[in-house]
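Here is the structure we will look at.
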Amino acid sequence: MSSITTFQLLTAFGISFAAGLFTVLGSGLVMFSKTPNPRVLSFGLAFAGGAMVYVSLTEIFTKSNEAFAAAFGQQHGFAATTLAFLAGMGGIALIDHFIPNPHETLDAEDPDFQERRRSHIARVGMMAAFAITAHNFPEGLATFFATLDNPEVGMPLALVIAIHNIPEGISIAAPVYFATKSRRKTVLACLVSGLAEPLGAVLGYVFLKPFLSPAVFGTVFGLIAGVMVFLALDELLPAAKRYSDGHETVYGLTTGMGVIALSLVLFRF
């Protein structure tokens, strides 16, 4: 990669920051919408999942391969890309195993909440915030480095991560708001979790800056591709299916792939 300008850094950080703030939007759906449409949410989740898989396998994986090929040649470069991709999926799978990402319903009056005391539900909300915060670090790193290398890839990726962050905000806000009835605490909990994305971007850049090279970028992009595909298959698509009442999942999946594919084509003109 050529020398990085201050404008590039600020743009990449700003996009990562904006994507993280969509977690707060999830809190708004809990606090202000008594009857959110689960079919719309299903379509949106599947849309994000399809877009995430497409951009990861067509753009980010390719960028990893190009970077590794510049460092090690075509044959060894492709092998290194594949290893980085698998390592990304394996790494996020370990995080998900030890810190499971919770999935709450849209309805704060759900009987599951009613059966538990408010103090316990508040702890559930804090645990959800902690788990989602841990998952947000690699997402922030993905958005930042993808945008830093090429905004044409980073911006669509940021969009699908932003959509993905809305139900994560719901997972935090539903138990916190039900337990505390405080809009301020609910928004704050979602905001802190969302800010993990730009924080992950900053920490990733600070630690990797002294070592930036084609091999490092190849590793980062390979890991990012693996992480994004795992998140789409493990979280977005199953969640979309839970909320669906028909074919919303497959429609959203194919629409997400199509929209991102067209956007990437248009960015090249």
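We're numbering straight along the sequence, starting at 1. Everything quoted here is computed from the prediction, not taken from an experiment.
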Q | Side chain to side chain, T249 and F43, heavy atoms closer than 4.5 Å | A | no
(Q) Can you confirm whether T62 sits close enough to L57 that some side-chain heavy atom of one is under 4.5 Å from a side-chain heavy atom of the other? (A) no
Q. Can you name the nearest heavy-atom pair linking G218 to S64, along with the distance?
A. O-OG, 2.7 Å
Q: Among F85, F221, Y54, F68, find the residue that satisfies the ring pair (Phe, Tyr, Trp, His ring centres under 6.0 Å) test when tested with F61.
A: F85
Q: Classify the angle between the aromatic ring planes of Y251 and H247 as parallel (below 30°), tilted (30 to 60°) or perpendicular (above 60°).
A: tilted
Q: Answer yes if F72 and F217 sit in the same cluster of Ile, Leu, Val, Met, Phe, Trp and Tyr residues linked by side chain heavy atoms under 4.5 Å apart, and no otherwise.
A: no
Q: Starting at OG1 of T81, measure out to CG of L86 and round the result to the nearest 0.5 Å.
A: 11.0 Å
Q) For F230, does the CZ atom sit with more than 12 other heavy atoms under 6.0 Å from it, leaving out its own atoms? A) yes
Q: Give me the other members of the hydrophobic cluster that V192 sits in, counting Ile, Leu, Val, Met, Phe, Trp and Tyr linked by side-chain heavy atoms under 4.5 Å, directly or via other members.
A: L188
Q. Hey, does the side chain of S56 reach the backbone of V53 with a donor-acceptor pair shorter than 3.5 angstrom?
A. no
Q.
Between T219 (side chain only) and A215 (backbone N and O only), is there a donor and an acceptor less than 3.5 Å apart?
A. yes
Q | Plane angle bin for F145 and Y205 - parallel if under 30°, tilted between 30 and 60°, otherwise perpendicular | A | tilted
Q: Work out which heavy atom in V187 is nearest to a heavy atom in S27; give both atom names and the distance.
A: CG2-OG, 3.9 Å
Q | Hydrophobic cluster membership, I92 vs L233, 4.5 Å side-chain cutoff | A | yes
(Q) Looking at every heavy atom in both G194 and P198, which two are closest together, and how far apart are they? (A) O-CD, 3.4 Å
Q: Output the distance between atom CG (L21) and atom SG (C190), rounded to the nearest 0.5 Å.
A: 11.5 Å
Q.
With clusters defined by side-chain heavy atoms of hydrophobic residues (ILVMFWY) lying less than 4.5 Å apart, directly or transitively, does F211 cluster with L141?
A. yes
Q. So, for G49 and A232, which heavy atoms are closest and what is the spacing to 0.1 Å?
A. O-CB, 3.7 Å
Q: Return the minimal non-hydrogen interatomic distance between G50 and M257, and the atom names on each side.
A: O-CG, 3.2 Å
Q: Look up atom CG in L191 and atom OG1 in T186, then write down how far apart they are to the nearest 0.5 Å.
A: 12.5 Å
**Q.** Atom pair OG1/CG of T147 and L9 - distance to nearest 0.5 Å
**A.** 11.5 Å
Q.
With a 3.5 Å distance limit and no angle check, can you tell me whether T143 reaches the backbone of G140 through a side-chain donor-acceptor pair?
A. no
**Q.** CG on L231 to CG on L237, rounded to 0.5 Å
**A.** 11.0 Å
Q: State the OG1-CZ distance between T6 and F13, to the nearest 0.5 angstrom.
A: 14.0 Å
Q.
Restricting to non-hydrogen atoms, name the atom on A201 and the atom on F144 that form the minimum distance, rounded to 0.1 Å.
A. CB-CB, 3.3 Å
(Q) I'd like to know if I224 and V206 are part of one continuous hydrophobic network [Ile/Leu/Val/Met/Phe/Trp/Tyr, side-chain heavy atoms within less than 4.5 Å]. (A) yes
Q) Should L223 and V202 be regarded as members of a common hydrophobic cluster, given that ILVMFWY residues are connected when their side-chain heavy atoms come within less than 4.5 Å of each other, either directly or indirectly? A) no
